[in-house]
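Heads up: the structure comes next, in structure tokens.
All figures in this text were calculated on a predicted structure; none of them were measured in a lab.
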Amino acid sequence: MTQPPDLLEVREVAKSYGPVVALRSADLSAAPGGCHPLLCANGAGKSTLVKILSGVLRPDSGTIAVGGKQVRFGNPVEALRAGIAPVFQDPALVPHLSVADNFTLTGTDRAAVRPWLARLNLHVDLNERVNALPLALLRMLDLARALAHDPQLLLLDEMTAALPSDYTELVFAVMREWRERGRSVLFISHRLTEVQQICDRATVLRDGRAVDTHRTAEGGEARIVSAMLGERASRVDLPMAERRSAPAGGPARLEVEHLAAGRRLQDVSFSVGVGEVLGVVSLEGQGEDDLFLTLAGDQRMRSGSVLVDGTPVKGRHPIQAIRRGITLVPSDRQHAVLPQRSIRENLTLPLYSSLRSWGWINDRKERRGVQKAVEELDIDTRAADAAKQLSGGNQQKLTIGRWLVGGYDVMLCFDPTRGIDVGTKHQIYRLLRQQAAEGRSVLMFTSELREVPLVCDRVVVLHEGRIVAEFPAAAADEETLLHAMHNLPAREAS
């Protein structure tokens with residue numbers, strides 16, 4: 001019996017941006033009825049390959065075949081007609097248009113998308129403007145739009161990175177259905193436990209080429225990390241910084257008292273000690289956004305107070321928060337990076353006022369600060385002239401590195417490792433622990449519960465805008481945190 005052709009077959013696809021080689025020689029195949037993960041470190045060419053497969057970019061060389069027929073896409077519409085529907089890492093929706101207008105803009109039939117909105121439990125007014133909706137809902141709307149085209153190949157790029165557990169399970173249900181229907185899913189995720197849970201055969205990219213393809217059950221996480229990072233794998237380990245509980249009677253750097261803000265946050269009080277990393281976890285929409293935006297001065301508080309080293313902070317504008325030493329690293333790097341500007345400009349832009357001397361920029365101080373940030377975060381400088389040419393992980397490093405140049409007292413990190421590879425995650429873990437060891441304070445929200453004992457000293461849990469639990473990080477396993485995040489009664493010791 002003749003074996004049916006692979007639904008997708010990619011051979012020796014290459015793409016360069018001037019002197020920067022994004023893809024060197026990528027190979028990939030996806031069989032009907034399978035879920036195939038694509039794994040790589042940031043900067044290995046994943047985003048470029050996704051854009052080529054979805055018709056956004058044209059390759060410089062190589063071949064792509066869909067269902068055994070060679071194709072060459074000139075635009076995303078041609079990729080859709082060939083049966084490839086992508087859900088990109090960042091929402092592909094025009095923010096100032098309504099949901100309905102976004103569907104119309106991409107030729108999506110509303111009658112076809114409505115059943116998927118119901119299947120995915122998405123209760124949304126189609127006349128609502130996109131910029132009024134939370135990120136998790138936007139990701140799910142992108143998925144519903146892709147499914148409405150009934151694709152043969154569903155391409156999910158970091159689909160679950162910004163999703164709470166209930167939405168993630170819905171995505172997994174869709175992936176299982178697509179396999180059962182003889183279709184295929186190309187799944188890109190840096191969450192290796194998800195890959196092993198849902199997928200069959202993995203392809204690993206490194207330095208722009210495929211270096212390994214194997215069944216996900218073979219070799220486990222260690223094999224995946226080793227293939228992704230190559231020689232770097234031996235240098236990637238868990239942070240070894242000594243953990244401690246909240247310092248009894250020790251000095252508090254950040255004090256939050258009876259804070260209420262936004263639509264969700266109600267009467268929240270906590271403190272972050274000098275040299276401490278305090279974690280925050282919650283389900284989606286429990287007030288975590290309001291907390292971080294308010295502390296960063298981007299949203300006004302309704303009541304309560306915020307103090308740094310005992311001095312009240314009037315959080316009416318981010319500039320006031322920065323002057324008091326409070327800085328924000330957002331999860332959405334697109335809101336923080338200047339894509340057309342150089343690495344140097346991105347690292348020093350918010351700090352020019354502190355680099356001035358009699359009206360001039362102190363070039364020597366600037367160069368030292370930039371070099372320190374580049375070295376400590378291992379920022380890829382091959383595309384130094386424009387941040388938009390950097391991988392997502394390197395762009396996120398810029399959002400952290402700019403505060404290393406000029407200094408800070410309290411760093412607010414909102415899901416800083418979302419959508420980046422395991423090697424870069426561990427670099428950020430080590431950096432945050434190093435910053436704490438040097439006497440700075442960090443407040444970090446994370447959607448990856450496994451990060452809490454790796455990075456934090458303590459963790460607090462938000463539910464419906466209030467803190468409902470607090471644990472030392474060493475005791476904060478995933479089961480304990482999930483229990484508290486749903487505000488269930490504390491488990492009895494066995």
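The aromatic rings of Phe172 and Phe187 lie perpendicular to each other, with more than 60° between the two planes, well past the 30° mark.
No side-chain donor-acceptor contact under 3.5 Å links His463 to the backbone of Val468. Put simply, the side chain of Ser441 gets close to the backbone of Gly273: a donor and an acceptor are under 3.5 Å apart. Formation of a donor-acceptor pair under 3.5 Å by the Arg145 side chain with backbone atoms of Ala92 is found in this model. A donor-acceptor pair under 3.5 Å is absent between the side-chain atoms of Arg450 and the main chain of Glu478, judged by distance alone. The main-chain N or O of Val94 is found under 3.5 Å from a side-chain atom of Asn102 such that the two form a donor-acceptor pair.
With salt bridges taken as basic N to acidic carboxylate O contacts below 4.0 Å, one links Arg440 and Glu438. A salt bridge links Arg253 to Asp309: at least one charged side-chain nitrogen sits closer than 4.0 Å to a carboxylate oxygen.
Annotation for Asp415 and Thr446: closest pair OD1-CA, 3.5 Å, computed over non-hydrogen atoms. The two residues Val87 and Met159 have their closest heavy-atom pair at CG1-SD, 3.4 Å. Across all non-hydrogen atoms, the minimal contact from Leu141 to Leu122 is N-CD1, 4.1 Å. The heavy-atom pair separating Pro91 from Leu135 by the smallest distance is CG-CD1, 3.5 Å. Residues Cys456 and Met444 approach most closely at SG-CE, 4.1 Å, considering heavy atoms. Closest heavy-atom contact between Ala476 and Val459: CB-CG1, 3.7 Å.
Residues Arg466 and Gln266 bring no donor and acceptor atom of their side chains to less than 3.5 Å of each other. Looking only at atom types and distance, the side chain of Ser271 has no donor-acceptor partner in the side chain of Glu255 under 3.5 Å away. Asn487 and Glu464 form no side-chain donor-acceptor contact under 3.5 Å, judged by distance and modelled atom types alone. With hydrogens and angles left out, the side-chain atoms of Glu288 and Ser282 include a donor and acceptor closer than 3.5 Å. No side-chain donor from either of Ser269 and Glu257 sits under 3.5 Å from a side-chain acceptor of the other.
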Evaluation steps, side-chain contact (heavy atoms from CB on, under 4.5 Å), between Phe292 and Leu443 | CA-CA 9 Å; Phe292 278 73; Leu443 183 69; 3.9 Å; yes
Can you check side-chain contact (heavy atoms from CB on, under 4.5 Å) on Asp298 and His317, steps first, answer last?
-> CA-CA 6 Å; Asp298 202 31; His317 194 279; over 6 Å; no
side-chain contact (heavy atoms from CB on, under 4.5 Å) between Arg324 and Asp409: does it pass, once the steps are laid out?
-> CA-CA 8 Å; Arg324 289 296 302 122; Asp409 294 318; 5.5 Å; no
Is there a side-chain contact (heavy atoms from CB on, under 4.5 Å) between Leu431 and Gln427 once you walk through the steps?
-> CA-CA 6 Å; Leu431 176 71; Gln427 288 177 327; over 6 Å; no
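Looking only at side-chain heavy atoms (C-beta outward), Leu120 and Val174 come within less than 4.5 Å of each other. With a 4.5 Å cut-off on side-chain heavy atoms, Val268 and Leu462 count as touching. Side-chain contact check for His96 versus Asn131: some heavy-atom pair is nearer than 4.5 Å. Leu291 is not listed as a side-chain neighbour of Leu412, based on a closest heavy-atom distance of 4.5 Å or more. Considering only heavy atoms from C-beta on, Leu295 stays 4.5 Å or farther from Val410 through its side chain. For the pair Val461 and Phe471, the minimum side-chain heavy-atom distance is below 4.5 Å. Here the side chains of Phe88 and Val50 are in contact, with some heavy-atom distance below 4.5 Å. Considering only heavy atoms from C-beta on, Leu156 stays 4.5 Å or farther from Ile188 through its side chain.
Residue Lys425 places its NZ atom among more than 12 non-hydrogen atoms of other residues, nucleotides or ligands, all under 6.0 Å distant. Applying the 6.0 Å contact sphere to CZ of Arg323 captures no more than 12 heavy atoms from other residues, nucleotides or ligands.
Between Thr160 atom OG1 and Met175 atom CE the span is 8.0 Å, to the nearest 0.5 Å. How far CG of Leu137 is from CG of Asp142: 10.5 Å, rounded to the nearest 0.5 Å.
Judged by the 6.0 Å and 45° rule, Arg139 forms no cation-pi pair with Tyr167.
Checking Gln299, Arg264, Arg263 one by one against Asp290, the side-chain hydrogen bond (donor to acceptor under 3.5 Å, both in side chains) holds for a single residue, Gln299.
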